[in-house]
Participant: 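What follows is a structure written as structure tokens; I'll ask about it next.
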Amino acid sequence: MKRTTLDLWVGIFVVAGLAALAVLALKVGNLSTYSMSETYQLQAHFSNIGGLKSQASIKSSGVLIGRVAQISLDPERYEAKVTMNIDKRYQFPKDTFANILTSGLLGEQYIGLIPGGDEEFLKAGDEIKKTQSAVVLEDLISRFLYSKAEDSKQLNK
Amino acid sequence: MTIVEHLRSLGHRIVNAVWRIGYTSRFFLLILLYSGISFRRFHLTIKELFSSGVMSLIIILVAGLFVGMVLGLQGYETLKRYGAESALGSLVALSLVRELGPVLAALLFASRAGSAMTAEIGLMKATEQISAMEMMAINPIARVVAPRFWAGVISVPLLSALFSAMGVFGGYVVGVVLIGVDQGSFWSQMQAGVDFQHDIVNGIIKSFVFGVAVTAIALFEGYDAPPTAEGVSGATTRTVVESSLTILFLDFILTAFMFQGE
Amino acid sequence: MSSQALVEIRDVNFAYDSRPILKGVNLTFPKGKVIAVMGGSGCGKTTLLQLIGGALRPSSGYVKVDGQVIHELDHKGLYLMRRRMGMLFQFGALFTDMSVYDNVAFQMREHTDLPEEIIRDLVLMKLNAVGLRGSHHLMPAELSGGMARRVALARTVALDPMLIMYDEPFAGLDPISLTVVGNLIRRLNDALGATSVVVTHDVQESLKIVDYIYFIADGVVVAEGTPAEISSSDKPFVHQFVHGEMDGPVPFHYPCGDYWQDLNLRPWR
């Protein structure tokens, strides 16, 4: 085999391999959604984050606008502290409401932002004050059972 | 008497194993030390890229296609029970990118190219080509071994990416074209399920580690092979067995590190 | 004589593990000569070449090449020394993944910065010297045994070495190739002004071409002399070797016990 044809084949191999990597990254993976040009950080405290993970999506009206950067436990307040990366293109009012939601019954958890009516916008490093924790299924069930029991008590009277 | 003999043979084996580990490490270090020539005269490495990488393309592509098709079929049958057929894309892609791509590509590489490397170097040694090179004042580790090492290290991640991409295509053919899963949900679920950093980058790291391990084992076994027909054939077998076990063992270790508690 | 000696081997002992191969041998190879080292199979002839090439280290004694003690050289010094040596391996040891041309050009490309045109001319000259200029495009697998040996010879002298070592250059050759290779060894040595060491057990061919002969048996030099002295020698070992007799000082049987006993028989009384 001449060196030129050999080089050609090796070139084809390397290009094909890199192309496969690119396909994996863009078409299969979510690298395309990483391309959120620039982001700014916001913080929020939740009393319970349920099954939220870092890299979980942050949505507003169902549109992906950012990702969870970091989750830690605030040692003073004993609450979960969530750091979020939000796309620079989107600004939110100061009284925005952060909510941990679940996509579908068993789907993964994400943070939903519901904008308020404040005139001032959140700046990088600010904290979202109004939050609602994840719905924990066990709590929901026990609350439901408790109220059922109350109902039946009233009926029995 | 027999107990003493057993103990002695056990001790002998342990000493032998330790000696071998030391020898392997020294060999590995020498490869790294004498790697300059593989990059200064890159055509040496390109030649080896051809024989290890390009020659493995067919088997990798075909195997990847079929593994992806099987995944599509099996995944569909399982997911259908839970009414979650739309998650098929995510299932196929995740299994390929995280595990099957790197592991199977490395296993195929070990049996296709690794064994060939062992046999080639073993025979070069048996026919005194290695000694001849040394007598010509040319370091055979720099001239013969190191280019093959780097060719392997470059080839395996590329091959495993090709394997995964081909597998995703196979899953698409079976899932979307043949069975009729919705095309939009196939791709969107896949994109939602596969994280670039967490899954794809880790998969590449895995295949890189496998590439280093397989190639180093293959080259060492070839270089260490007794210069006889029996010695070379034994070394070739050992290459396939040892590198397969090493791949699976390393895969467990790496998976434990990469995908634990997030 | 010693000032003219290219290789001096003094009191060299060598053992593989605990099996002694060489037991205090003394040899001197004067410049410009072709010297044969002979002996039966497994008597340590190849070991001797490996000691000269620095692949092995003597347990005691020393090997001096061109005034330098080989086992005292560091890695770099040894490699510099090896560039001035050429070695023809038993079956040629041609690089099977390269053509004849690339085999001969190998050392020139590795060790020199010569432009490809000059390398081309040099390679063709070397191949012409062994009569195989027309075969430069062939692969080693396409050559006959004798041709492969000649190509290997061309490769060995590619960098015009001062010392050429031949390990069994005549093994497995037909009579014509044998004569060709034998003549080439002599002619190349004289043309290059080199010194050649031929390790062989082919007595008749070497007697024709060499200047001096050493006989090694059981790790010691048992006889030495010019071809004429050796042919007329009446030492039992040399006589047996030169005339290829089956039994003599070198016994036909590997040391063993009583034959009758091994077969569980008792001889008739």
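Chain letters run A, B, ... following the sequence lines, proteins first and then strands; every chain starts at 1. Note that the structure is a prediction, hence the values are computed from the model and not measured.
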Participant: Name each donor-acceptor pair under 3.5 Å that joins a side chain in residues 44-64 of chain B to protein atoms two or more places apart or in another chain, with its distance.
Facilitator:
residue: B:Thr45; atom: OG1; partner: B:Ser38; partner atom: O; Å: 2.6
residue: B:Lys47; atom: NZ; partner: C:Asp97; partner atom: OD2; Å: 3.4
residue: B:Glu48; atom: OE1; partner: B:Ser51; partner atom: OG; Å: 3.4
residue: B:Ser51; atom: OG; partner: B:Glu48; partner atom: O; Å: 3.3
residue: B:Ser52; atom: OG; partner: B:Glu48; partner atom: O; Å: 2.9
residue: B:Ser56; atom: OG; partner: B:Ser52; partner atom: O; Å: 2.5

Participant: What do you reckon, is CD of A:Glu119 surrounded by more than 12 foreign heavy atoms closer than 6.0 Å?
Facilitator: no
Participant: From B:Ser207 OG over to A:Leu21 CG, what is the distance, rounded to the nearest 0.5 angstrom?
Facilitator: 8.0 Å
Participant: Using non-hydrogen atoms and a 4.5 Å limit, figure out which bit of B:Ser155 sits close to chain A: side chain, backbone, both or neither.
Facilitator: both
Participant: If you count every heavy atom of other residues, nucleotides or ligands that lies below 6.0 Å from A:Glu127 atom CD, does the total exceed 12?
Facilitator: yes
Participant: Spell out the residues in residues 105-124 of chain B that have some non-hydrogen atom less than 4.5 Å away from a non-hydrogen atom of chain A, in order of number; otherwise answer 'none'.
Facilitator: none
Participant: Take atom NZ in A:Lys94; do more than 12 heavy atoms of anything else shown fall under 6.0 Å from it?
Facilitator: yes
Participant: Counting only heavy atoms closer than 4.5 Å, note whether A:Ile71 contacts chain B via side chain, backbone, both or neither.
Facilitator: neither
Participant: What's the shortest heavy-atom distance between A:Leu24 and B:Ser164, and which atoms?
Facilitator: CD1-CB, 3.8 Å
Participant: Kindly check if the number of other-residue, nucleotide or ligand heavy atoms within 6.0 Å of CZ (B:Phe169) is above 12?
Facilitator: no
Participant: Would A:Phe13 and B:Leu159 count as a side chain to side chain contact (heavy atoms under 4.5 Å, CB included) if you check the C-alpha gap in whole Å, the side-chain angles of each, and the deciding distance to 0.1 Å?
Facilitator: CA-CA 9 Å; A:Phe13 166 56; B:Leu159 288 173; 3.5 Å; yes
Participant: So with a 6.0 Å cut-off around CZ of B:Phe66, is the heavy-atom count from everything else above 12?
Facilitator: no
Participant: Can you say whether B:Ile204 sits under 4.5 Å from chain A via the side chain, the backbone, both, or neither, judging by heavy atoms?
Facilitator: side chain
Participant: Kindly check if the number of other-residue, nucleotide or ligand heavy atoms within 6.0 Å of CZ (B:Phe208) is above 12?
Facilitator: no
